[in-house]
Amino acid sequence: MPSPNFDSRPDNARIKLIVVHGISLPPGEYGGGHIRKFFCNRLDAGEHAYFESICEMRVSAHCLIERDGSIVQFVSFRERAWHAGASEWRGETACNDFSVGIELEGCDDEAYEVEQYASLAGLVAALRNRYPEIAADALAGHSDIAPGRKTDPGPAFDWSRLKRMISGRSGGVA
Ligand SMILES: [Zn+2]
């Protein structure tokens, strides 16, 4: 589902980080397709009071993983999606330049679905295969790269579960 919210990565940018996000629209509600619309600038401000405050925002992620594990891609991995905002990872700022952004439909304090972990683990494995500069530990939450400003994917996101599922996919080889 192509989003217009992207631009080119800087010429020398290497893809070396995966950023995990959480989002629900309206907050706390799942389904309805509002996140897809949001990333494509088609959110209807009249549909919910909260939408009025965000419908002019121009943001995106490379992929969204919905509650049933469905993966929707909005931006080519070669291009720069607009998901991280002001951010820093290991001393480098502007993480959008060198990262892939993956949104999970969810809330900071509610368990994510097993189907979402499975889809994310598969996506991470595929991305590492395609972009070998993404190191095994180059996984960050939005809250890790924008501390104090962002809280997603939140304490409900089980990083050790994700890492187990990723290593399970690669036969236990790191
Ligand atoms: Zn985020």
Side-chain angles (χ1 to χ4, degrees), residues 1-7 9 15 17-87 89 94-127 134 139-147 149-159 161-162 165-166:
M1 184 171 283
S3 165
N5 303 334
F6 72 91
D7 54 11
R9 295 182 188 271
I15 298 171
L17 171 68
I18 295 170
V19 179
V20 177
H21 300 258
I23 185 173
S24 56
L25 289 179
E29 293 180 29
Y30 303 140
H34 303 302
I35 306 167
R36 296 178 180 209
K37 289 182 184 170
F38 181 45
F39 290 158
C40 294
N41 305 337
R42 295 206 300 263
L43 200 56
D44 180 357
E47 231 178 298
H48 191 281
Y50 181 72
F51 296 169
E52 246 172 76
S53 63
I54 62 166
C55 69
E56 298 298 324
M57 291 175 70
R58 295 294 173 255
V59 294
S60 62
H62 290 95
C63 294
L64 165 69
I65 301 177
E66 295 174 328
R67 297 298 286 183
D68 66 355
S70 301
I71 301 174
V72 184
Q73 182 164 11
F74 298 91
V75 174
S76 164
F77 298 123
R78 290 187 299 273
E79 307 287 356
R80 178 168 63 182
W82 302 343
H83 58 96
S87 52
W89 184 69
C95 296
N96 283 342
D97 289 356
F98 54 86
S99 68
V100 169
I102 301 172
E103 295 273 0
L104 301 186
E105 183 177 28
C107 301
D108 284 8
D109 49 6
E110 186 168 13
Y112 290 84
E113 301 286 353
V114 64
E115 291 85 357
Q116 293 181 292
Y117 287 100
S119 292
L120 180 56
L123 193 48
V124 168
L127 285 166
I134 303 174
L139 267 173
H142 201 184
S143 56
D144 299 318
I145 62 167
R149 195 174 67 82
K150 292 291 178 179
T151 61
D152 61 299
F157 187 77
D158 187 343
W159 287 98
R161 182 179 201 174
L162 174 65
M165 291 179 81
I166 294 169

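- Counting heavy atoms from C-beta outward, Pro153 and Trp159 have side chains that approach closer than 4.5 Å.
- Taking the side chain as every heavy atom from C-beta outward, Leu123 and Ile102 approach each other to under 4.5 Å.
- The SG atom of Cys95 sits 4.0 Å away from atom CZ of Phe98, with the distance rounded to the nearest 0.5 Å.
- With hydrogens and angles ignored, the 3.5 Å screen pairs a side-chain donor or acceptor of Ser24 with a backbone N or O of Gly28.
- Annotation: side chain of Phe51 is in contact with side chain of Leu25 (closest heavy-atom distance under 4.5 Å).
- Side-chain contact check for Tyr50 and Glu29: no donor-acceptor pair (N or O, by modelled atom type) lies under 3.5 Å.
- The closest donor-acceptor contact from the side chain of Asn96 to the backbone of Ala84 lies under 3.5 Å.
- Distance CZ/Phe39 to CD/Gln73: 13.0 Å, rounded to 0.5 Å.
- In this model, a donor atom of one side chain and an acceptor atom of the other lie less than 3.5 Å apart for His83 and Ser99.
- Side chains of Val19 and Val100 form no contact here, defined as non-hydrogen atoms less than 4.5 Å apart.
- Using a 4.5 Å heavy-atom cutoff, the side chains of His34 and Leu43 are in contact.
- Side-chain N or O atoms of Ser70 include none that pairs as donor or acceptor with a backbone N or O of Asp68 at under 3.5 Å.
- With respect to the salt-bridge test (charged N to carboxylate O, under 4.0 angstrom), the residues Arg67 and Glu113 qualify.
- Judged by distance alone, with hydrogens and angles left aside, the side-chain atoms of Glu52 form no donor-acceptor pair with the main-chain N or O of Gly46 at under 3.5 Å.
- For the pair Tyr112 and Ile65, the minimum side-chain heavy-atom distance is 4.5 Å or more.
- For Asp144 and Trp89, the side-chain atoms include no donor-acceptor pair closer than 3.5 Å.
- Counting only distance, with no hydrogens or angles, the side chain of His48 and the backbone of Pro26 share no donor-acceptor pair below 3.5 Å.
- We find the NE2-CG distance between His62 and Leu127 to be 9.0 Å, quoted to the nearest 0.5 Å.
- In this structure, CD in Gln116 is found 10.5 Å from CD1 in Ile71, a value given to the nearest 0.5 Å.
- Nearest heavy-atom pair across Glu79 and Asp7 is OE1-O, 3.4 Å.
- Between Ile166 and Leu139, some side-chain heavy-atom pair lies under the 4.5 Å cut-off.
- Between the side chain of Ser60 and the backbone N or O of Trp82 there is at least one donor-acceptor pair closer than 3.5 Å.
- Side chain of Arg58 to main chain of Asn41: no donor-acceptor pair is present (N/O by atom type, distance under 3.5 Å, no hydrogens or angles).
- In this structure the side chain of Ile35 reaches within 4.5 angstrom of the side chain of Glu105, judged on heavy atoms.
- Ion pairing of Arg80 with Asp97 is present here, as a side-chain N (NZ or NE/NH1/NH2) and a carboxylate O approach within less than 4.0 Å.
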